[in-house]
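Below is one structure, written out as structure tokens; comments come after it.
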Amino acid sequence: MNKSKFLLRLKRALRGCSPSEIQNRLAFYSEMIDDRVEDGLREEEAVAAIGTVAEVAAQILADIPLSRLVK
């Protein structure tokens, strides 16, 4: 999967979060992918090294306090 597809799917998976939270997380993972590409990985390899969208979204949602998700 390429970076664009990963970020789009992650955005959809985080739709219960605030727009600013989603933007921050997308920027974080975008930069993480870019850093790995700069280190020599192909874009698809960099994305695969992060994990699946489901795994990443689950970790993000687990890290956000419930009170911020419920608003």
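Note that the structure is a prediction, hence the values are computed from the model and not measured. For this chain, numbers begin at 1 and follow the sequence in order. Keep in mind that the numbers below use all heavy atoms, side chains included, and drop hydrogens, waters and symmetry copies.
- Within a 6.0 Å radius of NZ in Lys3, other residues, nucleotides and ligands contribute more than 12 heavy atoms.
- Hydrophobic clustering of Ile, Leu, Val, Met, Phe, Trp and Tyr side chains at less than 4.5 Å, counting indirect connections, keeps Ile50 apart from Leu41.
- Residue Arg15 comes nearest to Ile22 through the heavy atom pair CA-CD1, 4.2 Å, listed as atom of the first residue, atom of the second, then distance.
- Heavy atoms only, all atoms of each residue included: Cys17 and Leu61 are closest at SG-CD2, 3.6 Å.
- Considering only heavy atoms from C-beta on, Gln59 stays 4.5 Å or farther from Glu55 through its side chain.
- Only one option out of Asn24, Asp34, Leu10 pairs with Tyr29 in a side-chain contact (heavy atoms from CB on, under 4.5 Å); it is Leu10.
- Pairing each heavy atom of Thr52 with each of Phe6, the nearest pair is C-CE1, 4.4 Å.
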Verdict with reasoning, Arg9 to Lys5, per side-chain contact (heavy atoms from CB on, under 4.5 Å): CA-CA 6 Å; Arg9 289 182 180 178; Lys5 189 177 280 189; 3.6 Å; yes

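- Heavy-atom neighbours of Gln23 CD from other residues, nucleotides or ligands within 6.0 Å: at or below the threshold of 12.
- Nearest heavy atoms, Met1 versus Val47: O-CB, 3.5 Å.
- Both Phe28 and Leu14 belong to a common hydrophobic cluster when Ile, Leu, Val, Met, Phe, Trp and Tyr are linked at side-chain heavy-atom distances under 4.5 angstrom.
- For the atom pair Ile33 CD1 and Glu44 CD, the distance stands at 10.5 Å (nearest 0.5 Å).
- Of all heavy-atom pairs spanning Ser30 and Leu7, the tightest one is CB-CD1, 3.9 Å.
- Considering every non-hydrogen atom in both Val37 and Glu43, the closest pair reads CG2-CA, 3.8 Å.
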